[in-house]
A.B. asks: 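My questions will all concern the structure given below.
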Amino acid sequence: MKLENVRGMRDIWGEEAENQRELEIRAGEYLSSLGYESVRLPSIEFYELIAAKAGPELLDSLYEFKDKGGRSVALTPELTASAARFFATKLRDRPKPVRIWYVGQCFRYDEPQRGRYRQFTQLGAELYGSASPLADAELAFAAAGILKRVGIAPSLKVGNVGFVKRFLTENGAKESALGQILRAADHGDYQPAMEAVQGDAKAFLKDLEGNPQDLEGWLRREQSPSRKKALKELAQIVELLKAMMPEAKVIPDLLFVRGLAYYTGFIFEAFSSGLDSALLGGGRYDNLLKELGGPATPAVGFAAGVDRIALLMKHPTQPVTGTIFPLDEHSLTKAARAFSALDGMGFELYPSITGAREAMSRALKASHRFVVLAGELDGEDAVTIRDLKKREQQRVQLTDLKQILQEADRDAPREGPNERARHGHPL
Ligand code: AMP
């Protein structure tokens, strides 16, 4: 048997695993504080649900199969369709808007590279039952807020896929060809769009390609009422985002499209230096619920790539600060009591009986600051602690252990004060 990972599947460990966990905790707390309710969604759905509005790219990369009961199913390539199924079956009668957030596994048979895997985690939020631009702005704000909470200042690319779709169909592109044209445009290839449109629209598209960020300029020039409406909506959302986060970089891009086929209006993605691909993406999808057979409900949401964001997080957590060593057979209970007294303070328990010398060498190797020695010599209720940073040693009663270690850390903190506040360590 070969002991290796399946291509595109990976074990996540060490700093990266810590970052992912921290991101999920922080994002969850933050989204709960904004009124989003947590849901855990399954990783297998009916093929039909996933395929309905996935778009050609996602369909190509789908893990689909028949389960043992002969059902056509797929591993979830994203979770908006699952969340829509959940909303339509469990929450449809709730007063609107309904807000949920989720974290779950996604699977896409993509070509693996840095930040692109065949199994990855998405953390997303959805708001059902509002067509207001304020709801669009809220979702983009919440998405940026998550990144801010893990030390990333993103730039937000914003667009309106309704504008692009209308531009194409009002100038001769066939509805049936739209999927392929948008897929190419999503990869920066506007040639199929250029070939699909006719007459003046070709020159217009060329101009637009040269200057896609000039939202105000194009808004002034736009003649088609439906496209003007889409651009006005986008301008309003940009204004709301500026009011919500004046410091953020919000960059309109009128040719911006996203791979998923269900978007109908506002779309956005967040980027940060250090990674070329998007950290998260989302937008408005007002028809999906109805198209899936649910209640007609306007909706907007986003999904963040936990694996990608974790790659950029700068502050690994360093929770372990010391080890408790039992020095002899009779001190196992005392070591257990010390472990319990220091619960949650960053102390691990060494599970075997160890000599004091070996304990020191293990602590030094692990770069731990404290060694707690539980041995017979200190009597029943006391242990010896060694502070390897200050090179001090003292005998401490178990009842005082927690307080003394807290004070020791206050005298010579192992991290800066902000860092400690960030991780919430008592030590
Ligand atoms: P999408 O809606 O397809 O743009 O996906 C939303 C987010 O999920 C992206 O912005 C990425 O951060 C993340 N993501 C998508 N595909 C992958 C992948 N193959 N590997 C890792 N992360 C991904």
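Everything quoted here is computed from the prediction, not taken from an experiment. Remember, it's 1-based here, ligands and their atoms both numbered in the order they're listed.
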A.B. asks: What heavy-atom pair brings Ala299 and Tyr128 nearest, and what distance separates the two atoms?
C.D. replies: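 It is CB-CD2, 3.7 Å.
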
A.B. asks: Considering residues, nucleotides and ligands other than Asp276, do more than 12 of their heavy atoms fall under 6.0 Å from its CG?
C.D. replies: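 No, the 6.0 Å shell around CG holds no more than 12 heavy atoms from other groups.
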
A.B. asks: Answer yes if the side chains of Glu24 and Thr121 hold a donor-acceptor pair under 3.5 Å, and no otherwise.
C.D. replies: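 Looking only at side-chain atoms, Thr121 and Glu24 do not form any donor-acceptor pair under 3.5 Å.
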
A.B. asks: Any idea which heavy atoms bring Leu205 and Tyr190 closest together, and the distance?
C.D. replies: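 Shortest heavy-atom separation between Leu205 and Tyr190 comes out as CD2-O, 4.5 Å.
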
A.B. asks: Please verify whether a non-hydrogen atom of Arg118 lies at under 4.0 Å from ligand 1.
C.D. replies: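 Distance cut 4.0 Å: Arg118 fails for ligand 1.
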
A.B. asks: Looking only at protein heavy atoms, which one is nearest to atom 11 (C) of ligand 1, and what is the separation?
C.D. replies: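 Atom 11 (C) of ligand 1 sits closest to the protein heavy atom Arg308 NH1, 3.3 Å.
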
A.B. asks: Should we count CD of Glu209 as having more than 12 external heavy atoms under 6.0 Å?
C.D. replies: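 Result for CD/Glu209: enclosed.
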
A.B. asks: Pick whichever of Gly115, Gly305, Ala270 has a heavy atom sitting closest to atom 21 (C) of ligand 1.
C.D. replies: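 Heavy atom nearest to atom 21 (C) of ligand 1 belongs to Gly115.
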
A.B. asks: When you check the side-chain N and O atoms of Gln119 and Gln105, is any donor under 3.5 Å from an acceptor?
C.D. replies: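 Per modelled atom types, Gln119 and Gln105 side chains form a pair under 3.5 Å.
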
A.B. asks: Between Phe107, Tyr109, Phe302, Phe120, flag the one that comes closest to atom 18 (C) of ligand 1 by a heavy atom.
C.D. replies: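 Answer by nearest heavy atom: Phe120.
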
A.B. asks: Can you see whether Phe325 has Arg362 sitting over its ring - NZ or CZ less than 6.0 Å from the centre and within 45° of the normal?
C.D. replies: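 Pair Arg362/Phe325 does not count as cation-pi.
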
A.B. asks: Considering Glu269, Arg258, Gln113 one by one, which has a heavy atom nearer to atom 2 (O) of ligand 1 than any of the others?
C.D. replies: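 Minimum heavy-atom distance to atom 2 (O) of ligand 1 goes to Arg258.
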
A.B. asks: Is the backbone N or O of Leu219 less than 3.5 Å from a side-chain atom of Lys228, with the two atoms forming a donor-acceptor pair by type?
C.D. replies: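 Present.
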
A.B. asks: Please state which protein non-hydrogen atom is closest to atom 19 (N) of ligand 1 and give its distance, to 0.1 Å?
C.D. replies: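 The protein heavy atom lying closest is Tyr117 O, 2.9 Å.
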
A.B. asks: If you count the atoms of ligand 1 from 1 in the order shown, which ones are under 4.0 Å from a heavy atom of Asp110?
C.D. replies: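 What qualifies from ligand 1 is 19 (N).
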
A.B. asks: Report yes or no: does a heavy atom of Asp307 sit under 4.0 Å from some atom of ligand 1?
C.D. replies: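 No, that is not the case, since the closest heavy atom of the residue is not under 4.0 Å from the ligand.
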
A.B. asks: Quick check on contacts: which atoms of ligand 1 are under 4.0 angstrom from a heavy atom of Leu279?
C.D. replies: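 By the 4.0 Å cutoff, the relevant atoms are 10 (O), 12 (O).
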
A.B. asks: Test of understanding: given a 4.0 Å heavy-atom threshold, classify the contact between Arg116 and ligand 1 as side chain, backbone, both, or neither.
C.D. replies: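 Both backbone and side chain.
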
A.B. asks: Could you check atom 8 (O) of ligand 1 against the protein and tell me its nearest heavy-atom contact, residue, atom and distance included?
C.D. replies: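 Looking at atom 8 (O) of ligand 1, the protein heavy atom closest to it is Gln122 NE2, 3.1 Å.
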
A.B. asks: Atom NZ of residue position Lys148 - does it have more than 12 heavy atoms of other residues, nucleotides or ligands inside 6.0 Å?
C.D. replies: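 No, because the 6.0 Å sphere around NZ of Lys148 holds 12 heavy atoms or fewer from other groups.
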
A.B. asks: I'd like to check which ligand 1 atoms, numbered from 1 as shown, lie under 4.0 Å from a non-hydrogen atom of Ala303.
C.D. replies: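 Under 4.0 Å from Ala303, ligand 1 has these atoms: 6 (C), 7 (C).
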
A.B. asks: Out of curiosity, is Glu78 lining ligand 1, as in a heavy atom under 4.0 Å away?
C.D. replies: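 Glu78 does not count as a contact of ligand 1 under the 4.0 Å cut-off.
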
